[in-house]
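Report on one structure; see the data block that follows.
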Amino acid sequence: MLVIGANAAGMTAASRAKRLAPSLDVIVLDASPRIAYSICGLPYRISGVVKSFDDLVLFTPESLRNERGIEARVSCRAVEIRSPQRKVVVESRASSGVKTGTETETIGYDKLVIATGYRPRLLDVEGMGPSSRGNGVFTASRLEDGEAIEDWLRDRDRSVRRAALIGGGYIGLEMAEALTKRGVRVALVESESNVLSSVDPEIAEKIAEELTRNGVELFTNRKVRALELRSNGDVESVVLDPGKLRAPADLVFVDVGVDPEVELAVAAGVRLGPSGAIAVTDRMETNLPGVYAAGNCAETLHLVSGSAAPIALGTVAAKQGRVVGENCAGRRTRFHGAVGTAIVKVFDLFAARTGLNESEARRAGFVPVSSTITGGFSASYFGPPTGVVKVIGDETSGRLLGAQIVGDLEAALRIDVAAVALTSRMSVEEAAQLDLAYAPPAGALWNPLLVALNTLAREL
Ligand SMILES: Cc1cc2nc3c(=O)[nH]c(=O)nc-3n(C[C@H](O)[C@H](O)[C@H](O)COP(=O)(O)OP(=O)(O)OC[C@H]3O[C@@H](n4cnc5c(N)ncnc54)[C@H](O)[C@@H]3O)c2cc1C
């Protein structure tokens with residue numbers, strides 16, 4: 001079994017297969033020098049909560065071999081899949097003495113797993129391009145990106161005082177908190193009218209308030225027109241439209257979306273789905289014999305919309321990897337799909353979502369009706385309300401379509417109840433009768449999620 005990409009999806013596939021079939025020869029290869037790390041912890045290394053990048057690494061090639069019996073090849077890029085011969089051509093960065101070079105070899109496989117993840121986008125604007133990455137413009141998808149940000153922040157000659165974050169998605173928001181905690185003044189630029197476009201405005205507004213309360217300067221409804229660079233090529237400021245507004249920046253972090261990393265697969269004849277990610281069966285098989293795909297390079301069936309698209313979350317990648325691992329070990333396991341459950345911490349608030357938001361629901365052909373309430377997740381005599389809950393249902397069928405919560409951690413984590421209800425295809429009325437736990441310090445007799453669902457049931 002050969003796995004290309006040794007992170008959430010690839011490592012889980014390799015580990016599961018080896019556990020179920022110990023006699024299987026499992027090789028994982030990765031273009032990066034590191035494997036098996038939690039990229040999700042990157043913002044917390046930048047903020048200083050996590051002390052070292054090494055703390056985010058779960059396995060080195062040595063520990064992987066010793067503890068799991070899996071061979072890992074690092075700094076080793078797959079450059080061609082020869083599917084008819086069941087071989088992969090790889091290029092390794094080799095060093096002997098003072099010389100470094102590239103070595104090419106072919107590795108055979110019975111089962112191949114493509115787990116190449118995604119590639120963050122840059123904007124097509126003046127001053128931004130692959131070369132600007134070395135001059136203070138960053139994205140995040142690999143541990144090396146975090147190390148480069150850390151090096152940039154630590155360079156004493158540079159003294160990073162201001163940062164411009166382009167894009168107010170999950171990672172942009174986490175980086176806003178991280179850089180603020182490092183004493184950097186942050187300007188957050190978002191082309192939409194609200195940050196966190198994956199939730200509806202009522203929820204996003206609370207996050208915007210929290211950002212502003214913590215000193216983050218928000219520029220919503222603004223597009224980046226250009227980056228201005230110093231004479232040495234380092235970034236100096238971001239120019240915004242409308243109005244050619246200038247936001248000075250010693251560091252720019254870009255979080256404007258991702259593209260599935262599929263070039264290698266496409267060149268080998270792997271079929272893509274309409275979303276541009278690899279089309280897979282429910283056993284995570286591609287159209288090529290013996291070739292599976294998992295993680296952010298592959299499509300995921302969304303259980304509410306019914307359509308397939310990549311869901312760029314580690315949770316989904318790991319589950320798909322597990323399914324692939326089981327199938328490579330000879331089981332017949334299916335991946336049923338996902339509902340897109342996600343949570344993000346922004347300073348003292350957490351925002352969580354599952355299913356579809358209102359605009360996604362409309363695009364999927366539903367007629368969304370919603371109810372939003374503010375409520376306490378413990379009895380009122382234990383303190384003030386702690387969260388805002390929004391639930392969305394379909395006017396035509398009465399089906400529950402999605403939920404969003406913003407509040408403290410306890411409030412936001414209740415999103416998991418809604419995720420279960422969505423996975424079970426419950427109607428709003430069924431979900432409103434869920435038997436949830438209650439004792440005064442642990443919850444409210446009328447859990448706000450149930451209150452919101454009951455209000456929605458009445459409206460429907
Ligand atoms: C800063 C940050 C925070 C995040 N926080 C969360 C979170 O809180 N919750 C959550 O669910 N998700 C989070 N995510 C998303 C999550 O990390 C990804 O969804 C997950 O890592 C995807 O796993 P993957 O295995 O599909 O791909 P990746 O993790 O991208 O791994 C793909 C690997 O393939 C390798 N590769 C690619 N092409 C080749 C090739 N040709 N040859 C060899 N190797 C190759 C790459 O080097 C890479 O190591 C976060 C992501 C980032 C960047």
Between Thr423 and His336, is the side-chain contact (heavy atoms from CB on, under 4.5 Å) condition met? List the steps.
CA-CA 10 Å; Thr423 307; His336 300 278; over 6 Å; no
Could you check if a side-chain atom of [X] sits within less than 4.5 angstrom of a side-chain atom of [Y], using non-hydrogen atoms only?
X	Y	value
Ser47	Glu174	no
Glu210	Val216	no
Val238	Val252	yes
Ser305	Leu356	yes
Ile392	Asp200	yes
Leu251	Val184	no
Ile35	Asn7	no
Thr341	Asp416	yes

For [range], which residue pairs qualify under salt bridge (Lys or Arg N to Asp or Glu O under 4.0 Å), counting only residues two or more places apart or in two chains?
range	answer
residues 337-360	Glu177-Lys345, Arg213-Asp348, Arg353-Glu360, Glu358-Arg362, Glu358-Lys390
residues 47-67	Arg34-Asp54
residues 115-125	Arg119-Glu261, Arg119-Glu263, Arg121-Asp259
residues 1-20	Arg16-Glu326

[X] side chain vs [Y] backbone, donor-acceptor pair below 3.5 Å:
X	Y	result
Arg45	Gly41	no
Arg73	Asp30	no
Gln85	Lys87	no
Asn296	Ile311	yes
Asn135	Val235	no
Thr386	Gly407	no
Asn287	Gly269	yes
Asn194	Ala204	no

Take Asp255 and Leu165 through the side-chain contact (heavy atoms from CB on, under 4.5 Å) test and state the conclusion after the steps.
CA-CA 8 Å; Asp255 174 31; Leu165 309 192; over 6 Å; no
Shortest non-hydrogen contact between [X] and [Y], atoms and distance:
X	Y	result
Ala329	Ala21	CB-CB, 4.0 Å
Ala265	Ile114	CB-CD1, 3.9 Å
Glu192	Ser197	CG-CB, 4.4 Å
Leu401	Ala361	CD1-CB, 3.9 Å
Tyr118	Ser141	CE1-CB, 4.0 Å
Thr333	Asn327	N-OD1, 2.7 Å

[atom1]-[atom2] distance between [X] and [Y], expressed to the nearest 0.5 angstrom:
X	Y	atom1	atom2	value
Ile171	Ile39	CD1	CD1	8.0 Å
Ile46	Leu42	CD1	CG	5.5 Å
Ser307	Leu301	OG	CG	8.0 Å
Thr104	Glu91	OG1	CD	4.5 Å
Ile415	Ile405	CD1	CD1	4.0 Å
Phe59	Asn66	CZ	CG	10.5 Å

Can Thr12 and Ser15 be said to form a side chain to side chain donor-acceptor pair (under 3.5 Å), step by step?
CA-CA 5 Å; Thr12 313; Ser15 299; over 6 Å; no
Is it true that the NZ or CZ of Arg86 lies under 6.0 Å from the centre of Tyr109's six-membered ring and within 45 degrees of the ring axis?
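Verdict for Tyr109: no cation-pi partner in Arg86.
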After noting the C-alpha distance and the side-chain angles of Gln320 and Thr300, does the key distance pass the side chain to side chain donor-acceptor pair (under 3.5 Å) rule?
CA-CA 9 Å; Gln320 291 182 335; Thr300 298; 2.8 Å; yes
Ignoring hydrogens and angles, state whether a donor on the side chain of Glu299 or Ser275 is under 3.5 Å from an acceptor on the partner side chain.
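Indeed, the side chains of Glu299 and Ser275 share at least one donor-acceptor pair under 3.5 Å.
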Tell me, yes or no, whether the heavy-atom count around [X] atom [atom1], taken from other residues, nucleotides or ligands under 6.0 Å, exceeds 12.
X	atom1	value
Asp25	CG	no
Glu103	CD	no
Arg185	CZ	no
Asn232	CG	yes

Run the side-chain hydrogen bond (donor to acceptor under 3.5 Å, both in side chains) test against Glu80 and tell me which residues pass, sequence neighbours left out.
Arg82
Between Val113 and Ile4, does the side-chain contact (heavy atoms from CB on, under 4.5 Å) criterion hold? Intermediate values first, please.
CA-CA 6 Å; Val113 183; Ile4 306 173; over 6 Å; no
Could you tell me whether Glu144 and Arg142 make a salt bridge, using a distance below 4.0 angstrom between a side-chain N and a carboxylate O?
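Judged by the 4.0 Å cut-off on N to carboxylate O distance, Glu144 and Arg142 do not form a salt bridge.
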Starting from the C-alpha separation in whole Å, work towards a yes-or-no answer on side-chain contact (heavy atoms from CB on, under 4.5 Å) for Leu153 and Arg182.
CA-CA 9 Å; Leu153 287 167; Arg182 282 289 285 264; 3.6 Å; yes
Set of residues satisfying salt bridge (charged side-chain N to carboxylate O under 4.0 Å, His left out) with respect to Glu430, sequence neighbours excluded:
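With neighbours one apart ignored, the set is empty.
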